[in-house]
There are 2 protein chains.
Amino acid sequence: MPAKDTGTEELIRSTAKKLFFKEGKLHATTQDIADAAGMNRSAVHYYFRTRDQLIALVFAESMQALSLRLGKVMSAELPFREKIQGLIEVFTNEMMEYPFQEVFLVTEINTAGHDLVTKIDEGPVSSFLNEIEKEMHLGTIEKTDPKHFLINLFSLLSYPIMMSPIYRQFFGMNEHQFDELIAERRELITRTMFK
Amino acid sequence: MPAKDTGTEELIRSTAKKLFFKEGKLHATTQDIADAAGMNRSAVHYYFRTRDQLIALVFAESMQALSLRLGKVMSAELPFREKIQGLIEVFTNEMMEYPFQEVFLVTEINTAGHDLVTKIDEGPVSSFLNEIEKEMHLGTIEKTDPKHFLINLFSLLSYPIMMSPIYRQFFGMNEHQFDELIAERRELITRTMFK
DNA sequence: TTTTTGTTCAACAAAATTGTTTAAATAAAT
DNA sequence: ATTTATTTAAACAATTTTGTTGAACAAAAA
């Protein structure tokens with residue numbers, strides 16, 4: 001009974017993500033999305049009924065993917081330092097592709113107030129916090145609340161990329177120059193986090 | 001000839017900032033603003049003509065204030081370490097009061113594409129970058145591109161606060177608990193940046 | 001007091017956005 | 001060939017949001 005399957009639904013989803021996460025167009029209308037996907041606005045409603053439902057789905061998928069990514073990276077069978085390097089690699093790549101994903105998530109939480117509690121698997125996070133604590137006892141990283149270690153790591157990773165439009169102006173750099181600066185950071189962040 | 005002067009215009013401005021910067025309601029309508037300010041929507045249009053003009057003004061003022069704040073802190077007559085501590089203090093306070101101000105700025109740049117070039121005085125920034133470089137030669141901070149030092153500093157400062165809705169969930173903390181975690185960071189950031 | 005100026009509000013009009021409906025066209029599966 | 005599912009299109013209504021206008025009002029100036 002099902003038919004065509006030209007992946008239209010998936011196209012709409014990915015186009016919405018492109019607008020929200022890549023271009024930072026947080027107010028994109030159903031018309032904007034249809035235009036960007038090269039189709040009729042009716043198709044958007046046909047597959048997702050309402051704009052809110054589409055956004056709720058994009059939000060949920062983004063949270064879920066984030067949780068999955070975290071889980072995979074945090075519970076990898078690797079020595080601590082390599083695990084951190086893997087995390088930096090994975091999340092830097094994600095941020096480079098979707099610089100405004102986290103901004104989207106936060107503003108959605110502020111306005112719509114989604115219940116994200118269910119979306120996050122706290123298991124890997126808390127066991128990773130334990131691993132961080134062990135590493136602190138070994139002396140390779142500074143001793144504090146392990147939550148600070150995690151926060152610092154993601155701060156150094158995410159913030160410069162999501163704020164790049166502002167900081168490019170501050171430093172008078174073009175996009176290419178700033179991308180090179182960001183590229184240097186993978187190594188720099190490792191150095192900053194250890195010792 | 002002028003009349004009343006009940007500071008209504010100022011009230012509208014500050015209410016808009018409260019919605020945008022404090023509560024992260026980035027899609028707030030003129031009605032939302034009027035409601036929050038306890039007045040008629042016409043008043044908003046009377047003073048600012050259009051929503052876009054109000055937003056443009058809030059944006060410009062925010063950038064200008066940021067530039068001013070930066071300039072003042074960066075060109076203070078203080079030893080380097082104390083200058084950094086002052087910067088941390090000032091900008092942490094600002095972030096605590098207006099957690100979503102930077103998010104507002106970035107999303108505005110993405111959608112409206114304001115020309116912020118004129119708004120920023122690059123003078124103090126570039127001379128502060130020189131000061132950082134000098135400090136690197138003295139050996140109190142690690143040697144890299146001084147831009148990285150600045151980026152790191154603001155990452156550690158701003159990101160945790162603007163992302164608090166997400167990370168509170170991640171760590172299963174309430175607002176008060178997370179505020180205490182943030183409070184610990186002023187000292188922690190200093191320690192991380194030096195040595 | 002009268003006039004002028006500036007402010008507030010309610011009502012209205014215009015525009016933008018959303019969501020539905022209907023019809024027609026297309027394409028796949030049975 | 002028939003049925004089912006997909007896609008486009010156009011038209012429409014409903015809602016939201018915006019922006020304007022005119023009247024009422026208050027305060028200062030004349």
Side-chain angles (χ1 to χ4, degrees), chain A residues 1-21 23-61 100 104 107-108 110-114, chain B residues 1-61 100 103-104 107-108 110-114:
Chain A
M1 309 111 164
K4 268 209 185 168
D5 183 27
T6 8
T8 313
E9 186 176 334
E10 169 54 27
L11 177 62
I12 296 172
R13 251 204 304 264
S14 64
T15 304
K17 283 181 186 171
K18 197 179 88 183
L19 287 179
F20 294 140
F21 301 168
E23 303 177 15
K25 310 272 161 115
L26 265 40
H27 322 312
T29 64
T30 53
Q31 186 67 61
D32 292 333
I33 296 168
D35 288 349
M39 63 180 58
N40 197 288
R41 189 169 62 88
S42 303
V44 177
H45 286 286
Y46 175 75
Y47 282 100
F48 300 96
R49 198 122 202 116
T50 71
R51 182 181 186 275
D52 280 354
Q53 275 184 49
L54 170 57
I55 290 193
L57 186 79
V58 169
F59 177 85
E61 280 188 3
F100 307 110
F104 170 87
T107 61
E108 266 306 301
N110 282 333
T111 58
H114 301 276
Chain B
M1 310 111 167
K4 271 205 180 171
D5 181 28
T6 9
T8 315
E9 186 176 334
E10 169 55 26
L11 177 62
I12 296 171
R13 251 203 306 262
S14 64
T15 305
K17 285 181 187 172
K18 196 180 87 183
L19 287 179
F20 294 140
F21 301 168
K22 247 183 160 69
E23 303 177 16
K25 310 272 162 119
L26 265 41
H27 321 312
T29 65
T30 53
Q31 185 67 63
D32 293 333
I33 296 168
D35 287 350
M39 63 179 62
N40 196 286
R41 191 171 59 86
S42 302
V44 177
H45 287 284
Y46 175 75
Y47 283 100
F48 300 95
R49 196 122 206 121
T50 71
R51 182 181 186 274
D52 280 354
Q53 277 184 48
L54 170 57
I55 290 191
L57 186 78
V58 169
F59 177 85
E61 280 188 3
F100 307 111
V103 173
F104 171 86
T107 60
E108 265 307 300
N110 283 332
T111 57
H114 301 276

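Order of the sequence lines sets the chain letters (A, B, ...), proteins ahead of strands, with each chain counted from 1.
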Please list, pair by pair, any protein nitrogen or oxygen found under 3.5 Å from a nitrogen or oxygen in nucleotides 15-21 of chain D.
{"residue": "D:dT18", "atom": "OP1", "partner": "B:Arg51", "partner atom": "NE", "Å": "2.9"}
{"residue": "D:dT18", "atom": "OP2", "partner": "B:Thr30", "partner atom": "N", "Å": "3.1"}
{"residue": "D:dT18", "atom": "OP2", "partner": "B:Thr30", "partner atom": "OG1", "Å": "3.0"}
{"residue": "D:dT18", "atom": "O4", "partner": "B:Arg41", "partner atom": "NH2", "Å": "3.2"}
{"residue": "D:dG19", "atom": "OP2", "partner": "B:Arg51", "partner atom": "N", "Å": "2.9"}
{"residue": "D:dG19", "atom": "N7", "partner": "B:Arg41", "partner atom": "NH1", "Å": "2.9"}
{"residue": "D:dG19", "atom": "N7", "partner": "B:Arg41", "partner atom": "NH2", "Å": "3.4"}
{"residue": "D:dG19", "atom": "O6", "partner": "B:Arg41", "partner atom": "NH2", "Å": "2.5"}

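Taking the salt bridge (charged side-chain N to carboxylate O under 4.0 Å, His left out) definition, one finds that B:Lys25 meets it with nothing, sequence neighbours left out. Partners of A:Gln31 by side chain to side chain donor-acceptor pair (under 3.5 Å), not counting sequence neighbours, listed by chain and number: A:Asp35. Checked against salt bridge (charged side-chain N to carboxylate O under 4.0 Å, His left out), A:Arg13 has the following partners two or more places apart in sequence or in another chain: A:Glu9, A:Glu10, A:Glu61.
Each ring pair (Phe, Tyr, Trp, His ring centres under 6.0 Å) pair with one or both residues in residues 21-42 of chain B, not counting sequence neighbours, appears once here: A:His27-B:His27, B:Phe21-B:Tyr98, B:Phe21-B:Phe104.
Between the side chain of B:Asn110 and the main chain of B:Thr107, no donor-acceptor pair closer than 3.5 Å is present.
OP1 or OP2 of C:dT8 has not a single side-chain nitrogen or oxygen of B:Asn40 nearer than 4.0 Å. Taking only side-chain nitrogens and oxygens, B:Thr8 never comes nearer than 4.0 Å to OP1 or OP2 of C:dT7.
In plain terms, the two heavy atoms of B:Ala36 and B:Thr15 that are nearest each other are CB-CG2, 3.5 Å. A pairwise comparison of heavy atoms in B:Phe20 and B:Ala28 identifies CE2-CB, 3.9 Å as the closest pair.
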Inset, instruction - Let me have DNA chain D in dot-bracket notation, would you? Count Watson-Crick plus G-U wobble pairs, both distances under 3.5 Å, and use [ ] for pairs crossing earlier ones and | for inter-strand partners. - result: ||||||||||||||||||||||||||||||
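For the pair A:Met39 CE and C:dT26 C1', the interatomic distance rounds to 15 Å; values are reported in whole Å. If you measure from atom CG of A:Leu54 to atom P of C:dT17, you get 16 Å, rounded to the nearest angstrom. D:dA5 atom P lies 15 Å from atom CD of A:Glu9, rounded to whole Å.
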Inset, instruction - Would you sort out whether B:Ile33 and B:Leu54 count as a side-chain contact (heavy atoms from CB on, under 4.5 Å), showing the intermediate values? - result: CA-CA 11 Å; B:Ile33 296 168; B:Leu54 170 57; 3.9 Å; yes
